[in-house]
Protein chains: 2
Amino acid sequence: MKDVAARAGVGLKTVSRVVNSEPGVTPDTERRVQEAITALGFRRNDSARILRKGRTASVGLVLEDLADPFYGPLSRAVEEVARDHGALLINGSSAEDPAREQELVLALCARRVDGLVVIPAGDDHRYLEPEISAGVATVFVDRPAGRINCDAVLSDSFGGARDAVAHLIAHGHRRIGFIGDQPRIHTAIERLRGYRAAMSVAGLPVNEAWMSLGATDPSRVLAAAEAMLSGPEPVTALFAGNNRVTVTAVRVLAARPGRAALVGFDDFELADLLSPGVTVVAQDAAQLGRTAANMLFRRLEGADEEPRQIVLPTRLIARGSGEIPPAHRVAS
Amino acid sequence: MKDVAARAGVGLKTVSRVVNSEPGVTPDTERRVQEAITALGFRRNDSARILRKGRTASVGLVLEDLADPFYGPLSRAVEEVARDHGALLINGSSAEDPAREQELVLALCARRVDGLVVIPAGDDHRYLEPEISAGVATVFVDRPAGRINCDAVLSDSFGGARDAVAHLIAHGHRRIGFIGDQPRIHTAIERLRGYRAAMSVAGLPVNEAWMSLGATDPSRVLAAAEAMLSGPEPVTALFAGNNRVTVTAVRVLAARPGRAALVGFDDFELADLLSPGVTVVAQDAAQLGRTAANMLFRRLEGADEEPRQIVLPTRLIARGSGEIPPAHRVAS
DNA sequence: CTGAAAGCGCTTACAG
DNA sequence: CTGAAAGCGCTTACAG
């Protein structure tokens, strides 16, 4: 910039004005500055600008896994809102590891992102307190913050799970298995609660062997499903706690004779084209991201309300797999 | 930092040393500084650090659409490599709009990302020349740069398409339709070339009505597929130019009597569980991202070779849809 | 309409 | 082992 000013024979401030298209520069001066800019190949350094201005026009997004199809539309929605506000998106995957989540979040804070959208892996976010009081707006998505009071946008995991299980019960099932995410994760606990509530309302007993929380990698889910579908008290239906579990459950069931019923949490592409179509409790990932991002920018524009929690409804979509009746030898 | 130094009764440089855990500080001094840091809630401002150091430890990733399942694993792979090198990922979607691509790329350059991984939407990247000569390492992925000489990592679109179409021909098809992406996009042209090559090698005539390039939104693809499958010279098989097209083609075919054959470019989740399973030419999205990111960091570490183009092989996976013979009335 | 001075919060190069 | 000075490349607040 100094070189540009020298070459154009003007002051630094004038160059700054031209670069930012501020008013108050004669057309003639502007032309000289523009010429110097192209001649010297000048490119404004936004780091310096940021240092001076205080705002970085960037927001951080921390999620579990960029490669998970559930997070694609969510990220995209956050990005679009950020773009509308002239902000870039810096993001990273926690790989469901709380230590890595914290490392990422703090790295983002050190970069002075204006705000943070977090899909937490951990359940203790007190490490964020200094950052939040220093002014980093933060909104949690999909799962609430742990041990701090913070904005959050969630899906109705409890209600959705309850509806899913009630649906299976309405189709005659009495022995229903639940395979969910790790118990550290809020949605896993909520969906388990919903499962229990539906069973309890229907007056059905629950066997501990019908509930399995843990990692959602295929091998773990496969083992859990096989165990529930075999043994002395086999389940006649499965409720899968998220899209990763559902996909593996579909594979397990396709490979077995005498199909058990299945309802999955999260919709997924082509679920309707499988045979049978997969009945799901759908949540709107894009809407989740959009709502969170809007909340974030409202905070950034100075909204000074108490932290809020927004819960978005889920929707049961019947496609066939959830309407399969219990196998004959199992009918009550 | 000044406040911390004052409170601890030391110089600025000592605080800097503690913050960066550099050697040469007495344990006692260090303790005093640490105390001041926590008491004052000090958080290092990386913007200032970046301004001074020159390197931002961040790389930009510009892709078409974060929500497209093809880019999820690719992004994740780039992120992992960046993480191994201590860099963060800033990313954005071009939405297949060349102007938006350029806007994003230049915004990333103004932030002084160390390097750039670009899945281009446009076909003219001369706007990047000043940036590249200023030292921004750049690697293109999935599609090469246009009108500049730059590193690129591609899948073998031509070979993969040729194999796909040859596979259909080997199963008796003579009238084969190709539905691809917009002709501005390199992969669309290459896959069309592969289609033509396979037809030509087999001595089969090609009807212009059997080739349709354009947007990959469902309505356009649906119309194109319906047109090819109807009319005076209906095709008996479809070759879908990417995963978005394939998914719509699966829907179209499922809704029609007398199934046409289908081979898709790009593998996708659950392709094997559909009925019939969908035969695809698979490319390894994660490998594409990983290779590109490694290339980028090699450049950042000073590798000063000529720009290279790496082409990764594709793999045909037969699952049923590509092995359906032509309908009877159509057999030659 | 234009510019000189001060400063954003760090690090570098140097001296003690 | 420790620190004062200069500077990274911009913008802000002010004066002319």
Side-chain angles (χ1 to χ4, degrees), chain A residues 1-37 40-58 86 106-107 109-114 130-131 134-136, chain B residues 1-37 40-58 86 106-107 109-114 130-131 134-136:
Chain A
M1 195 150 129
K2 215 162 52 183
D3 298 340
V4 172
R7 189 181 226 265
V10 299
L12 271 178
K13 178 60 206 173
T14 302
V15 178
S16 174
R17 272 192 266 262
V18 172
V19 170
N20 298 304
S21 19
E22 283 168 26
V25 183
T26 352
D28 182 55
T29 319
E30 177 163 358
R31 194 169 344 102
R32 288 214 319 282
V33 173
Q34 285 292 7
E35 267 168 29
I37 285 176
L40 267 46
F42 168 78
R43 315 173 307 140
R44 181 175 72 191
N45 184 330
D46 275 0
S47 300
R49 179 162 223 259
I50 283 164
L51 179 57
R52 211 39 251 249
K53 299 211 92 152
R55 283 232 165 157
T56 58
S58 57
L106 292 178
C109 288
R111 300 276 175 122
R112 294 292 189 273
V113 291
D114 297 331
E131 307 297 335
V136 181
Chain B
M1 195 152 129
K2 215 163 51 184
D3 298 339
V4 172
R7 189 180 226 266
V10 301
L12 269 179
K13 178 60 207 171
T14 301
V15 178
S16 173
R17 271 192 266 264
V18 171
V19 169
N20 298 305
S21 21
E22 282 166 28
V25 183
T26 351
D28 182 55
T29 319
E30 177 163 358
R31 195 168 344 101
R32 286 215 319 284
V33 173
Q34 285 292 9
E35 267 167 28
I37 285 176
L40 267 45
F42 168 78
R43 314 173 308 141
R44 181 175 74 190
N45 183 332
D46 275 1
S47 298
R49 178 161 221 259
I50 283 164
L51 179 57
R52 208 44 249 248
K53 298 211 93 155
R55 283 231 165 158
T56 58
S58 57
L106 291 178
C109 289
R111 300 276 175 121
R112 293 292 189 272
V113 290
D114 297 332
E131 308 297 334
V136 181

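Because the structure is a prediction, the values reported are computed rather than measured. Chain A is the first sequence line, chain B the second, and so forth, proteins listed ahead of strands; every chain is numbered from 1.
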Completion exercise
Its dot-bracket string being built from Watson-Crick and G-U pairs below 3.5 Å, with | for another strand and [ ] for crossing, DNA chain D has the pattern |||.||||||||.|||
Handout entry: A:M1 side, atom CE; A:T14 side, atom OG1 - distance, nearest 0.5 Å
Key = 9.5 Å
Side chain of [X], backbone of [Y]: donor and acceptor closer than 3.5 Å?
X	Y	result
A:R111	A:T56	no
B:R112	A:R44	yes
A:R17	A:E22	no

Handout entry: Touch class at under 4.0 angstrom, heavy-atom based, for B:K53 against every strand present
Key = sugar-phosphate
Exercise for the section: Would you indicate what A:V19 reaches in the nucleic acid, counting non-hydrogen atoms under 4.0 angstrom: base, sugar-phosphate, or nothing? Expected result: nothing
Exercise for the section: Could you tell me whether the side chain of B:R52 has a donor or acceptor atom within less than 3.5 Å of a complementary atom in the base of D:dG7? Expected result: yes
Problem - No-H, no-angle donor-acceptor pair, B:R17 side chain to D:dG3 base, under 3.5 Å - result: yes
Could you tell me whether the phosphate oxygens of [N], OP1 or OP2, come under 4.0 Å of any side-chain nitrogen or oxygen in [X]?
X	N	answer
B:S16	C:dT11	yes
A:T29	C:dT2	yes
B:T14	D:dG3	yes
B:T26	D:dT2	yes

In whole angstroms, how far is the [atom2] atom of [N] from the [atom1] atom of [X]?
X	N	atom1	atom2	answer
A:N45	C:dC8	CG	C1'	13 Å
B:N20	C:dC10	CG	P	10 Å
B:D3	C:dG7	CG	P	15 Å
A:K13	D:dC10	NZ	C1'	10 Å
A:L12	C:dT2	CG	P	15 Å
B:E22	D:dT2	CD	P	13 Å

Exercise for the section: Would you mind telling me which residue lines up with the more 5' stretch of DNA chain C, A:V10 or B:K2, judged by nearest nucleotide? Expected result: A:V10
Fill in the blank from the handout: From the candidates C:dT11, C:dG9, D:dT2, the one with an atom nearest any side-chain atom of B:A48 is C:dG9
Practice task
Please tell me if the side chains of A:I50 and B:L51 come closer than 4.5 Å, counting only heavy atoms from C-beta onward.
Solution key: no
